[in-house]
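Working notes, structure below.
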Amino acid sequence: AAEPGSRPSAPRSFAQPWRPPTRRDPSRAAVAPALRYEPVTERGAEREAAVAEECEEEAVCAIMCASVKYNIRGPALIPRMKIKHRIYYITLFSVVLLGLIATGVFQFWPHSIESSSDWSVEKRSVRDVPVVRLPADSPIPERGDLSCRMHTCFDVYRCGFNPKNKIKVFIYSLKKYVDDSGVPVSNTISREYNELLTAISDSDYYTDDITRACLFVPSIDVLNQNTLRIKETAQALAQLSRWDRGTNHLLFNMLPGGPPDYNTALDVPRDRALLAGGGFSTWTYRQGYDVSIPVYSPLSAEVDLPEKGPGPRRYFLLSSQMALHPEYREELGALQAKHGESVLVLDKCTNLSEDVLSVRKRCHEHQVFDYPQVLQEATFCVVLRGARLGQAVLSDVLRAGCVPVVIADSYILPFSEVLDWKRASVVVPEEKMADVYSILQSIPQRQIEEMQRQARWFWEAYFQSIKAIALATLQIINDRIYPYAAISYEEWNDPPTVKWGSVSNPLFLPLIPPQSQGFTAIVLTYDRVESLFRVITEVSKVPSLSKLLVVWNNQNKSPPEESLWPKIRVPLKVVRTAENKLSNRFFPYDEIETEAVLAIDDDIIMLTSDELQFGYEVWREFPDRLVGYPGRLHLWDHEMSKWKYESEWTNEVSMVLTGAAFYHKYFNYLYTYKMPGDIKNWVDAHMNCEDIAMNFLVANVTDCHLVKVTPRKKFKCPECTAIDGLSLDQTHMVERSECINKFASVFGTMPLKVVEHRADPVLYKDDFPEKLKSFPNIGSL
Amino acid sequence: MQSCRRKSLWLALLASWLLGLLGILPLLRLAVPTGPRAGAPQGWPRWLDAELLQSFLQPGALPEDVPQLPRVPRGGSCDWGACFDTSKCRSGGFKVFVSPVAGPVSETQHKILASFEGSRYHTVSPTEACLHLLSLDAPAGACSPVPPTWNGGQNHLVLRLHPASCSGTFQLGQAMVAEASPTVDTFRPGFDVALPLLPEAHPVRGGAPGQLRQHSPHPGAALLALAEERGWRVAGTDSSACPWDGHCEQDHGPEQTHPGAALPNATFCLIPGRRADALRFLQALQAGCVPVLLSPRWELPFSEVIDWTKAAIVADERLPLQVLAALREMPPTRVLALRQQTQFLWDTYFSSVEKVIRTTLEIIQDRILGASAHPSLLWNSPPGALLALPAFSTSPRDFPFYHLQQGSRPAGRFSALIWVGAAGQPPLKLIQAVAGSQHCAQILVLWSNDKPPPPSWPETAVPLLVIEGHRKVSDRFLPYSAISTDAILSLDAHSSLSTSEVDFAFVVWQSFPERMVGFLTWSHFWDEAQGRWGYTAERANEFSMVLTSAAFYHRYYHTLFTHSLPTALRRLAEAAPPCVDVLMNFLVAAATKLPPIKVPYRRRHEDASPPRVPGDLGPAARDCIDRVAAGFGHMPLVSSRLRLDPVLFKDPVSVLRKKYRGLEKP
């Protein structure tokens with residue numbers, strides 16, 4: 001019936017607050033306005049003033065000419081005074097107009113002439129930074145302590161209590177370090193490290209107050225160990241103002257070690273400092289302390305590589321690395337010989353002319369391939385260990401949507417603390433290199449495509465730029481310090497398309513609550529005392545009722561005296577509300593002690609005790625759903641192109657009225673505090689549709705349908721009288737339809753689910769003695 | 001003249017106005033700072049020559065590296081790639097040999113061995129085995145010597161369920177260590193396995209279910225319980241910020257100390273980081289009390305596969321105030337999720353010794369499988385990795401359990417699988433009724449009869465395929481590759497159903513793809529007089545099993561039935577055919593923890609031979625349920641009291657308005 005109800009995979013309005021890690025910092029947003037409000041230099045102002053004056057002259061001329069004209073023609077009908085007035089008005093008008101134009105010009109003048117575009121940040125040359133001379137005997141930190149863990153080597157007191165659960169990062173200012181003889185210790189700073197520090201400085205983590213910082217990032221560039229002098233760099237680190245044995249200091253290193261033995265971690269002694277390193281092995285990586293980061297590939301970043309979707313590609317397996325050990329190359333050669341066309345092993349080109357950039361070319365015999373474009377031609381790409389474990393090619397491979405086959409024993413993959421590499425890569429032990437082809441062949445095509453998609457997503461989110469790498473690293477450290485606010489596995493690993501489509505049911509545990517717990521009945525009432533008392537009496541006959549809560553929504557009248565209330569076997573509580581609002585029925589009152597809540601109107605007296613008890617039993621089997629009695633349906637009106645509310649006898653239901661419905665009390669919390677948009681206020685203002693809102697809410701959060709219990713009965717409610725034909729209350733139906741359309745637009749989707757079944761007792765209407773049935777009194781009118 | 005003067009006056013006024021306007025504006029903009037321009041220069045400077053900076057990676061430098069061959073692992077240090085030989089596991093499958101123990105067998109070792117015998121990984125031949133299991137849980141002084149197949153420890157798993165006394169007797173070499181709560185310093189991630197610290201009296205099978213009785217915390221329940229030397233101390237919700245050590249002076253919260261064995265009744269359980277407190281961790285898990293670990297010095301159990309951030313909070317012991325504040329302010333949604341996850345993990349991986357060991361083996365098998373191992377979702381959401389087999393598929397979408405998380409839904413058709421047993425006739429009428437359903441994709445006839453199948457079958461709108469069976473009852477639950485849909489309608493030759501019934505039941509199944517949807521039911525009961533489980537086919541107000549002679553269920557359960565049932569239980573089914581139904585229902589109930597679903601079934605007069613009733617099938621069938629329950633170690637069946645009917649079922653409206661009219665006939 002409701003044909004367009006099939007949900008598109010649109011983002012859910014509030015169930016999943018998805019936070020893409022790469023788009024986390026508002027720096028981009030902050031930069032844009034900064035450009036717009038640039039100061040106008042004096043020269044610019046002068047020019048504008050000149051332009052304005054020109055305009056003015058022209059305008060004056062026009063006025064003068066006009067008056068001259070009039071004078072020549074001499075229309076005697078117009079007195080002099082009038083002309084003067086006219087001039088006066090025209091002048092005034094032009095003044096205002098010119099003023100407006102001038103303002104506009106000021107606002108929107110392209111400020112291209114100005115030289116300094118940014119006042120907020122200092123503009124200097126790297127060559128002008130202060131020079132620091134390191135005495136030869138200045139202290140050297142101890143070597144890295146392999147037993148360091150967050151709770152032993154990290155000083156959390158510096159992070160303190162922080163309502164935003166964000167660490168504060170301080171960056172030391174840039175200095176140039178020279179030794180005693182004035183020889184620089186290292187390159188002052190590399191382009192990438194500058195980018196990295198800029199990214200941190202632009203992020204939410206940054207603070208310029210050294211006393212409030214929790215993490216310190218030295219500006220001493222140790223990205224590449226080969227460009228620095230180890231001992232002197234260590235001395236430079238040790239003299240940092242807050243060094244304190246390296247506590248809470250974070251170093252970024254992508255190329256560790258040096259010839260001949262290529263250590264897998266930075267050789268610079270660094271004491272307790274945390275290391276974000278590319279190329280850790282299991283021997284050097286301090287689990288839960290260091291962060292494994294990718295090796296950035298600056299050369300490929302310059303190449304424009306359009307995304308290529310997953311699917312079968314020309315080559316099954318490709319090796320594109322240049323510096324490989326001869327033994328590995330031999331094995332790869334054997335693979336190629338065995339499997340022919342589907343395996344391609346590339347090497348550096350030897351016969352290229354000088355002017356060709358050789359790092360972007362790869363050769364196989366005499367065939368020349370463009371790198372990294374060739375990676376897009378392969379399904380699997382080998383990432384072998386080179387001299388170092390971390391290889392920049394991994395980043396290129398992921399970018400090309402090629403599934404990396406990592407053959408590097410003991411390598412700690414980038415961000416392995418949070419990223420699930422099983423979903424995006426195949427790790428093969430070096431010893432099994434000969435079997436690589438058969439191992440890969442056993443992976444089903446569908447899984448390969450999934451891995452290709454995942455590989456590309458990893459690159460987009462965490463490998464793409466230096467900024468992405470820096471922010472992911474800080475996020476990991478942040479999550480360790482504020483574990484209760486940490487980002488979940490799904491947020492790290494699920495690509496956006498999966499995140500939008502997925503629903504995590506808040507009550508996912510298949511748990512059937514014990515019957516003994518019972519339910520709390522909540523009766524919303526205004527002033528129908530007599531009917532209310534009848535409802536109370538009826539409901540109190542249900543065996544599983546454990547408490548009755550009357551929500552007294554009338555502020556002008558006090559509830560009847562205690563002695564007048566019906567005497568029932570369970571506690572009865574009356575809650576007086578401050579305002580007559582429909583939402584009061586769904587407030588999570590402290591008085592609700594059971595998980596099951598029965599919402600019931602003060603005029604529903606026709607439900608039998610058997611029916612209510614059975615409804616509770618059904619709720620126990622479906623605690624995450626709305627379990628209700630009268631059912632309703634939403635339909636798509638093709639003529640009007642909008643949703644319509646339906647209360648006829650239909651084969652389907654998609655809503656239950658909360659005039660009588662069981663649900664989990666957690667939904668009260670959601671209704672009161674997490675209702676999307678202005679729905680709650682809308683309901684209170686219209687004094688209608690709170691039940692439809694609840695149906696929307698529950699269906700959206702759980703993505704499950706409701707359960708209607710027991711056959712249809714005649715209910716005393718506006719629509720029911722409509723069916724009786726006594727008075728066709730058209731406006732009510734129109735209003736309810738409006739509610740559905742309004743809520744659907746707020747939720748951005750139609751969460752309601754249509755079902756064709758209802759729940760009855762097992763033996764309902766069966767040929768079976770009534771006496772032996774558990775719930776005999778069901779469905780009688 | 002006057003006018004001229006006035007004119008020039010006006011002009012002058014105008015010009016001054018304009019100039020003033022133009023002059024004031026920039027002044028105003030200078031005076032009123034806008035946006036980020038305020039304040040002194042801050043942040044990392046934007047270098048003028050940033051473009052000229054050199055890259056950290058000089059082109060050309062890279063290829064010059066002369067790579068070295070990987071070094072052999074240094075003494076003692078091992079990792080998966082270097083120390084485990086997977087070649088044997090690939091060729092012969094994952095077979096585990098339990099190294100025999102010389103001398104007296106300790107209680108724990110006995111438990112482990114017992115739980116192993118029936119396992120599908122178990123092998124008696126050490127040469128066939130890919131993994132050798134060596135248990136070191138022996139009483140002091142009775143440590144076993146190095147077994148003959150030791151081989152430097154390669155492909156050996158040394159199991160230490162309890163902090164063992166046998167640690168120092170021999171070099172572990174290249175063996176993996178599965179140890180209870182190993183210290184983080186010696187634990188080798190990806191090679192060793194961290195086990196939970198089990199109490200002495202931990203049950204071998206089944207095990208106590210989680211104590212959580214309701215999803216959300218009870219409003220009156222305490223916020224915190226603290227692990228102490230001798231038990232749990234419960235601190236009230238309003239207790240002050242220093243609940244440790246009992247040294248708080250103004251701790252007004254209601255306080256009580258439980259004896260050691262009792263489980264804490266609180267929302268969060270604070271557990272100090274000492275290794276000895278690891279025992280408390282399991283207690284908290286069982287109680288549904290979210291463990292808050294304060295800088296644990298031991299590795300969390302099965303941390304390789306279990307995402308503990310979903311069930312526990314690892315906090316820093318140095319920031320107690322911050323932890324308390326964070327716990328108090330934690331949104332109800334998160335608390336709800338954490339509590340449920342503790343229960344799921346306890347019930348799935350920790351409640352018995354058998355589960356702990358199976359989980360250990362499953363982890364090692366996952367390492368061998370590499371790319372076709374369990375995805376993380378299968379480990380961390382119900383029903384868990386022991387019941388969701390990657391042999392079926394590695395894509396969670398194919399399973400019946402993860403449609404919500406994946407945003408997918410089951411396919412819209414079903415395959416009818418009709419089993420023709422020994423005395424069966426070709427079920428022509430049934431085929432017509434099923435083929436009449438608009439949702440039917442194909443009909444498979446499983447011919448398990450001594451007679452050859454008839455050469456011609458009735459013309460149907462859907463393809464019909466005949467599969468020859470092996471005359472075994474469990475044939476009907478083999479994962480046939482011919483089954484192309486998610487849903488299977490399992491039928492017997494003598495079942496009789498109408499098209500309406502099939503249509504409606506399938507629509508219901510689509511709403512509950514993980515459950516069985518059936519027409520005829522059995523219910524189980526505890527027979528007080530004989531002290532054992534029994535079951536009955538009599539019509540009653542509740543039921544807990546549906547007959548597979550007419551039921552919808554997911555294709556995955558065929559794989560689960562074939563691959564996960566212990567051999568002993570499979571043999572039981574062969575001996576007493578009705579047991580297959582019981583087994584299947586047990587299996588589905590163990591996976592879903594939910595009852596099956598009954599849909600309306602019109603009893604027919606021609607039902608001359610009513611479906612198999614357990615009473616007249618001999619003693620083997622009668623105590624089948626008791627033996628199956630013993631094999632499972634617990635009773636997974638759950639009773640239901642409801643039946644799902646069409647919305648207008650037997651309502652007083654015209655039959656013409658009803659969609660499933662076939663169900664209405666008396």
Side-chain angles (χ1 to χ4, degrees), chain A residues 33-34 37 40 45 49 91 95 99 102 106 119-122 125-126 151 156 161 190-192 197-198 201 208 223-224 282 298 322-323 325 359 386-387 409-410 420 426 429 443 447 483-484 489 501-503 507 509-510 513 595 617-618 649 651 703 711-712 756-760 762 765 774, chain B residues 10 14 17 21-22 25-26 34-37 41-49 53 55-57 59 63 65 67 79 81-82 189 213-216 295 307 313-314 316 318-319 322 326 332 336 340 343 371 376 394 404-405 407 507-508 541 593-594 641-645 647 650-651 653 659:
Chain A
Y37 298 113
V40 181
T91 325
V95 164
F106 265 109
W119 282 27
S120 57
V121 257
E122 223 179 332
S125 163
V126 175
H151 60 91
V156 276
F161 185 70
S190 67
R191 190 167 64 224
E192 285 77 16
L197 295 180
T198 310
S201 150
D208 57 347
L223 277 183
N224 184 355
T282 44
M322 293 194 282
H325 193 275
V359 285
D409 285 358
S410 81
D420 185 356
V426 184
I443 303 174
Q447 196 183 344
Y484 30 79
Y489 168 90
S502 87
V503 173
L507 307 169
L509 188 73
E595 297 207 286
E617 300 274 341
V618 173
W649 295 72
N651 282 293
D703 206 20
R712 181 157 185 149
E756 297 188 354
H757 49 77
R758 67 161 201 245
D760 288 329
V762 174
K765 293 256 163 146
S774 298
Chain B
W10 275 116
L14 189 141
W17 254 90
L21 204 78
L22 294 177
L25 261 172
T34 46
R37 252 188 315 132
Q42 48 168 291
W44 184 251
R46 304 283 192 269
W47 304 109
L48 285 173
D49 43 4
L53 289 176
S55 171
F56 79 110
L57 187 74
D65 287 343
D79 70 359
R213 288 285 161 267
Q214 54 178 52
H215 287 97
S216 52
S295 306
D307 181 2
I313 294 166
V314 178
D316 200 300
R318 292 168 293 171
L319 294 177
Q322 195 174 323
L336 208 57
Q340 293 177 72
Q343 289 299 285
S376 170
T394 49
L404 273 186
Q405 286 107 317
V507 168
V508 170
N541 283 298
K593 311 236 180 330
L594 291 170
R641 311 188 79 176
L642 61 92
R643 182 184 73 198
L644 292 182
D645 294 334
V647 170
K650 307 235 164 150
D651 273 354
V653 283
K659 189 170 171 189

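Order of the sequence lines fixes the chain letters, A, B, ..., with proteins taken first and strands second; residue numbering starts at 1 for each chain.
At a 4.5 Å heavy-atom cutoff, the contact between S410(A) and chain B is made by backbone and side-chain atoms alike. Within the 4.5 angstrom heavy-atom criterion, atoms from both the backbone and the side chain of L644(B) approach chain A. Using a 4.5 Å cut-off between heavy atoms, E617(A) touches chain B through its side chain atoms alone. Residue contact with chain A, scored on non-hydrogen atoms closer than 4.5 Å, involves the side chain of T394(B) exclusively. Of the atoms belonging to V653(B), it is side-chain heavy atoms, and not backbone ones, that fall under 4.5 Å from chain A.
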For H215(B) and L509(A), what are the C-alpha separation, side-chain angles and deciding distance, and is it a side-chain contact (heavy atoms from CB on, under 4.5 Å)?
-> CA-CA 8 Å; H215(B) 287 97; L509(A) 188 73; 4.3 Å; yes
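Here the shortest heavy-atom pairing between V508(B) and H757(A) reads CG2-CD2, 3.8 Å. Closest approach of Y484(A) and Q322(B) over heavy atoms only: OH-NE2, 2.9 Å. A pairwise comparison of heavy atoms in V762(A) and L642(B) identifies CG2-N, 3.6 Å as the closest pair. Scanning all heavy atoms of the two residues, the minimum distance from P483(A) to V314(B) falls at CG-O, 2.8 Å. Residue A371(B) comes nearest to I443(A) through the heavy atom pair CB-CD1, 3.6 Å, listed as atom of the first residue, atom of the second, then distance. Considering every non-hydrogen atom in both S201(A) and G43(B), the closest pair reads OG-CA, 3.6 Å.
Comparing R641(B), R318(B), K593(B) by how many heavy-atom pairs each has under 4.5 Å with chain A, the most go to R318(B). Heavy-atom pairs under 4.5 Å with chain A were tallied for P189(B), S216(B), G407(B); the largest tally goes to S216(B). By number of non-hydrogen pairs under 4.5 angstrom with chain B, the leading residue of V156(A), N224(A), V426(A) is V156(A).
In this structure, the separation between CZ on R213(B) and CD on E595(A) is 12.0 Å, given to the nearest 0.5 Å. L319(B) CG to H151(A) NE2: the interatomic distance, rounded to the nearest 0.5 Å, is 13.0 Å. In this structure, S125(A) OG and L48(B) CG are separated by 6.5 Å, a value rounded to the nearest 0.5 Å.
No donor-acceptor pair closer than 3.5 Å links the side chain of D760(A) to the backbone N or O of D645(B). Side chain of Q214(B) to backbone of P513(A): no donor-acceptor contact under 3.5 angstrom is found.
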